[in-house]
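A short write-up of the structure that comes next.
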Amino acid sequence: MSRSDRSVVRSVHVPLAMIFGVSAGLGVLGGEAEAQEAAPNNSETESSSIRLPSVKVRGTEDPGVAAGNTNSQVLGISRMPTSVRETPQAITVIPKEILKEQRAYTLDQALANVPGITLSTGEGNGGLNGDQFRIRGLQARQDMYTDGLKDFGTYTRDMFNMDSVQVIKGATGEYFGAGNVGGVINQSMKHAHAGDSYNYDQAFGSASLFRGAGDINYQIDDNMALRVNGMYNRSDVADRDHVTSNRYGTAVDFGVGLRSKTSWHLTWQWLNSDSTPDYGVPMIQMSDGIYRPITSHGLARNTSYVRDFDRDKSDVHSLTSALKSEITRWFTLTNDTRWTKYDRQYTATTPGPCSGTCASQFLAGGNPTLPYGAGGGAAYDQHGWGAQNVLMGQFRFKTGFVHHDIKAGVDVNYVNDDRYYGSWSGRSNTQTIRDPYYHTSGTSLTFPRSGYRNADATDVGLFFSDHIQLTKQLALFGAARWDTFRSSYVAQKGGDRATQKSDRWSPSGSIVYTPLEMVSFYFTFARSYKPVGTDVASMVTLSGNTGETPATGKDFSPQRSDLFEFGSKADFFDKRLGATLAFFQINESNSHYYNDNGDLITGFADQGSGRRIRGVELSLTGKITKNWDIYGSYSYMDGKVTQSTTSNGNEAPQVPHNNFSVWTSYDLSSRILNPGWGQLKVAGGAQYSSGYWAGPDITNTARMPYNFSLNGMVAWELKHYRVSFNANNITDHLNYGSSFSTGRAVPTSGRTFLGNIGVTF
């Protein structure tokens with residue numbers, strides 16, 4: 001095809017790609033190509049053959065996609081149902097428009113929109129911060145995915161190459177295998193699409209924030225395109241002394257088969273960080289015996305105990321292949337593969353709890369010596385890699401009047417983690433609580449061979465699901481996965497390797513009733529298992545005898561999570577507005593307990609206890625009117641400790657009762673601006689979570705206060721140019737990003753401001 005011919009094709013398809021995005025675009029363009037091939041090849045019908053695709057596209061377009069109704073969100077995970085609407089389980093989606101308006105740059109900033117997610121600070125021998133989330137109070141440390149494949153490693157994830165984020169709540173072992181007891185977090189990457197586009201954004205903000213991000217899509221020919229994304233981010237952390245957040249990243253996606261029934265994407269992504277980790281401030285024991293963050297009781301919120309040798313340097317490369325082929329009308333084959341290599345050199349200062357004499361001195365106005373956890377802070381040099389391949393076939397057919405949509409395949413993944421623990425020379429743990437020092441001298445750090453640790457894990461899963469459409473109103477979902485999981489651990493080179501093996505079924509079943517076209521009701525049961533050793537990248541600890549690593553001869557039965565959920569999903573105004581409602585209960589048994597160093601305790605402190613989490617969630621997303629958008633959700637959760645000899649009936653840790661997040665925007669253009677003056681939009685929202693017991697300790701001895709943040713935005717776009725201004729935590733409320741039992745809590749930024757300018761061609 002000549003260059004001039006291709007430009008004509010682009011003029012037809014570029015608007016479609018902009019409307020539908022990557023996910024919908026592939027299916028639409030494939031349908032267009034099929035229609036064009038079927039059109040008569042003569043001059044009299046040429047005009048109609050060009051118009052025919054647009055007619056078919058309008059017929060298949062989901063109005064909810066453009067309106068922001070997250071029920072219409074395409075998940076892009078081949079082994080799951082196609083969209084949120086079709087999945088009988090609670091799913092919260094943060095779409096790209098919300099990420100853009102809020103300028104959410106990291107995964108934890110994006111997940112602030114999701115009620116029921118909490119963070120832990122430094123679980124894993126006191127030295128593994130980064131993205132460590134809990135969903136409904138249950139650990140999701142390594143339950144993070146990108147385009148349905150494991151996102152190996154523990155590091156701070158940047159959103160520069162992501163279109164959206166989905167949180168699938170509750171047990172999901174039938175789709176994702178070993179682990180996933182509370183749910184999974186999936187990020188959707190940006191992919192090459194039809195048409196040329198060039199975007200650049202430059203941001204400036206509080207705490208010397210300076211960030212640039214570019215996004216270029218180039219269509220090579222009628223069937224191939226290349227997309228390149230790049231980012232640099234340099235900033236301090238507002239209201240936290242000596243803490244930095246510096247990252248650099250590049251991603252390249254090569255797409256083939258944009259207009260055919262067989263498509264292939266090859267994606268390489270690199271993310272490098274050179275930051276300073278923040279382990280926050282001590283928890284102080286008050287007169288009632290309960291530990292609370294010391295910054296809520298007199299310590300300045302900017303106080304940090306970072307020292308000049310603390311660092312978090314990571315380098316993560318991933319290569320992903322995604323192949324999809326519609327071989328016949330009733331059979332589709334997909335094969336997704338990822339290889340990841342991650343390296344991390346890490347050291348942090350870890351404050352410990354202030355109690356007894358320390359607490360009495362501080363509350364009397366004194367300046368006691370800072371207590372430390374994890375020996376003052378861990379240091380390690382980490383090198384790991386992981387690989388995964390998911391091969392799946394999808395079969396669509398009828399048996400009599402019953403429609404079947406069967407998905408079956410095999411999922412194989414492996415991860416290997418080498419770690420050398422640091423040895424200090426000249427390090428002095430003599431800081432004081434009120435005026436800690438930052439600069440040190442005479443301190444050195446080495447990583448001797450004697451500090452070597454290695455852990456690996458292999459999971460082979462066979463999965464099968466069937467969506468059975470009995471009538472127009474009634475459908476059944478059934479899924480099951482068999483996992484054979486094996487993990488091993490060795491504490492020194494040439495030492496004896498301990499192993500652990502677990503074989504389990506993860507079943508699920510659902511009934512879906514759709515009395516009206518826009519309203520459905522469902523009931524779901526699902527079960528997941530989490531063997532010891534699934535969190536290889538996060539939990540290679542100093543001690544193979546007590547860590548969450550395999551130990552030959554010890555009874556490490558897998559955790560088990562059972563989900564019971566009843567819900568409804570509804571659409572209004574021709575799918576432009578969507579609502580969800582879900583009542584759920586999760587019964588988790590054999591939860592593992594970690595001590596202050598992050599090590600797993602065996603036969604002590606209620607190892608083997610359980611959780612029961614009950615709650616209700618509701619959401620409203622999309623357009624209320626032509627110019628008024630809403631994105632809001634609320635959850636109520638009640639958690640109890642079960643199966644415990646000493647803490648039975650206590651409230652489950654890290655489960656705030658009430659949570660809500662709302663973000664709403666209004667387009668003022670038609671009311672304020674003259675025609676041709678562009679688009680003016682204002683937006684604002686709030687995020688709230690009630691107080692909760694810090695964990696993972698189940699003794700209810702450390703209490704976190706409520707979080708509240710009021711945020712706002714104003715943005716103006718004119719042709720190729722745009723400017724925006726964001727104000728976050730307008731009330732300057734003292735919030736906490738994460739906590740760890742009675743040990744520590746991390747204050748977050750107070751009032752901050754962010755400006756952005758951008759261009760698009």
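Residue indices begin at 1 and follow the sequence shown. From a predicted model like this one, the values you see are computed outputs, not experimental measurements.
- We find the OG-CE distance between Ser741 and Met283 to be 8.5 Å, quoted to the nearest 0.5 Å.
- A salt bridge is absent between Asp411 and Lys150; no separation between the charged side-chain nitrogens and carboxylate oxygens falls under 4.0 Å.
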Should Thr742 and Gln285 be marked as a side chain to side chain contact (heavy atoms under 4.5 Å, CB included) after you check the CA-CA gap, both sets of side-chain angles, and the distance that decides it? CA-CA 8 Å; Thr742 60; Gln285 189 177 34; over 6 Å; no

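- Rounding to the nearest 0.5 angstrom, the gap separating the OG atom in Ser83 from the CG atom in Leu75 is 6.5 Å.
- Here the options are Thr146, Asp151, Asp108, the test is side chain to side chain donor-acceptor pair (under 3.5 Å), and the partner is Arg157; only Asp151 passes.
- Annotation: Tyr706, atom OH; neighbour count of heavy atoms from other residues, nucleotides and ligands within 6.0 Å does not exceed 12.
- Within the 4.5 Å cutoff, the side chain of Leu563 has heavy atoms near those of the Gln89 side chain.
- Residues passing the salt bridge (charged side-chain N to carboxylate O under 4.0 Å, His left out) test with Arg703, sequence neighbours excluded: none.
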Side chain to side chain contact (heavy atoms under 4.5 Å, CB included) evaluation trace for Tyr631 with Glu97: CA-CA 10 Å; Tyr631 178 86; Glu97 190 63 25; over 6 Å; no

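- In this structure, Arg611 and Pro653 have side chains that are in contact, with non-hydrogen atoms separated by less than 4.5 Å.
- Judged as a ring pair (Phe, Tyr, Trp, His ring centres under 6.0 Å), and not counting sequence neighbours, His297 has no contacts.
- Proximity of the aromatic rings of Tyr688 and Phe660 is defined here by a centroid distance below 6.0 angstrom, and this criterion is met.
- The backbone N or O of Glu101 lies less than 3.5 Å from a partner atom in the side chain of Asn726, making a donor-acceptor pair.
- With rounding to the nearest 0.5 angstrom, the OG1 atom of Thr664 is 6.0 Å from the CH2 atom of Trp628.
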Going through the distances and angles, do Thr699 and Thr701 end up as a side chain to side chain donor-acceptor pair (under 3.5 Å)? CA-CA 6 Å; Thr699 58; Thr701 53; 3.0 Å; yes

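- Looking at Gln102 and Asn711, their side chains never come closer than 4.5 Å, going by heavy atoms from C-beta outward.
- In terms of heavy-atom proximity, Ser665 sits nearest to Ala683 at CB-CB, 3.6 Å.
- For Asp629, the salt bridge (charged side-chain N to carboxylate O under 4.0 Å, His left out) partners at least two apart in sequence or on another chain are Lys623.
- Between the OG1 atom of Thr514 and the NZ atom of Lys569 there is a distance of 11.5 Å, given to the nearest 0.5 Å.
- Put simply, the residue from Thr70, Asn186, Thr87 that forms a side chain to side chain donor-acceptor pair (under 3.5 Å) with Gln166 is Asn186.
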Set out, in order, the CA-CA distance, both residues' side-chain angles and the distance that settles side chain to side chain donor-acceptor pair (under 3.5 Å) for Glu651 and Tyr692, then state yes or no. CA-CA 9 Å; Glu651 290 192 40; Tyr692 61 91; over 6 Å; no

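- Residues forming a salt bridge (charged side-chain N to carboxylate O under 4.0 Å, His left out) with Lys169 (at least two apart in sequence, or on another chain): Glu617.
- In this structure, the side chains of Ser633 and Val114 stay at 4.5 Å or more apart for every pair of heavy atoms.
- Between Gly533 and Val536, the closest heavy-atom pair is O-CG2, 3.1 Å.
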Quick one, Phe477 with Val512, criterion side chain to side chain contact (heavy atoms under 4.5 Å, CB included). Give me CA distance, side-chain angles, the key distance, then yes/no. CA-CA 8 Å; Phe477 280 81; Val512 181; 3.8 Å; yes

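- No side-chain donor-acceptor contact under 3.5 Å links Lys575 to the backbone of Asn71.
- For Ser528 (side chain) and Gly173 (main-chain N/O), a donor-acceptor pair under 3.5 Å exists by modelled atom type.
- Qualifying side-chain hydrogen bond (donor to acceptor under 3.5 Å, both in side chains) partners for Arg527, counting only residues two or more places apart in sequence or in other chains: Asp562.
- Scanning all heavy atoms of the two residues, the minimum distance from Asn659 to Pro115 falls at CB-CB, 3.5 Å.
- Not counting sequence neighbours, the partners of Arg240 by the salt bridge (charged side-chain N to carboxylate O under 4.0 Å, His left out) test are Asp278.
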Verdict with reasoning, Ile91 to Gln73, per side chain to side chain contact (heavy atoms under 4.5 Å, CB included): CA-CA 10 Å; Ile91 300 178; Gln73 176 77 34; over 6 Å; no

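- Checked by atom type and distance alone, the side chain of Asp732 pairs as donor or acceptor with a backbone atom of Arg751 at under 3.5 Å.
- Side chain of Ser690 to main chain of Asn658: a donor-acceptor pair is present (N/O by atom type, distance under 3.5 Å, no hydrogens or angles).
- Here the side chains of Asn587 and Phe564 are in contact, with some heavy-atom distance below 4.5 Å.
- Residue Ile511 qualifies as open at atom CD1: its count of foreign heavy atoms under 6.0 Å is 12 or below.
- Of the possible donor and acceptor atoms, none in the side chain of Asp697 sits under 3.5 Å from a partner among the backbone N and O of Ala694.
- In this structure, Val281 and Pro747 have side chains that are in contact, with non-hydrogen atoms separated by less than 4.5 Å.
- Going from atom CG of Asp459 over to atom CZ of Arg481 covers 5.5 Å, rounded to the nearest 0.5 Å.
- The closest side-chain heavy-atom distance from His467 to Glu86 is not below 4.5 Å.
- For the pair Arg744 and Val746, the minimum side-chain heavy-atom distance is 4.5 Å or more.
- The structure places CG of Leu577 at 12.0 Å from CE of Met518, a figure rounded to the nearest 0.5 Å.
- Nearest approach of Ala652 to Ile613, heavy atoms of both residues: CB-CD1, 3.9 Å.
- The backbone N or O of Arg612 sits nowhere less than 3.5 Å from a side-chain atom of Thr642 that would complete a donor-acceptor pair.
- In this structure, the side chain of Asp239 engages the main chain of Gly750 through a donor-acceptor pair within 3.5 Å.
- A donor-acceptor pair under 3.5 Å is absent between the side-chain atoms of Thr748 and the main chain of Gly737, judged by distance alone.
- Taking the six-membered ring where tryptophan is involved, the planes of His657 and Tyr636 are essentially parallel, since the angle between them stays under 30° and well short of 60°.
- Cation-pi check for Arg576 over Phe572 is not met; the charged atom does not lie both under 6.0 angstrom from the ring centroid and within 45 degrees of its normal.
- Without hydrogens or angle criteria, Arg134 side chain to Thr118 main chain gives no donor-acceptor distance under 3.5 Å.
- When all heavy atoms of Ser561 and Leu138 are compared, the pair lying nearest together is OG-CD1, 4.4 Å.
- Nearest approach of Glu174 to Phe463, heavy atoms of both residues: O-CB, 4.1 Å.
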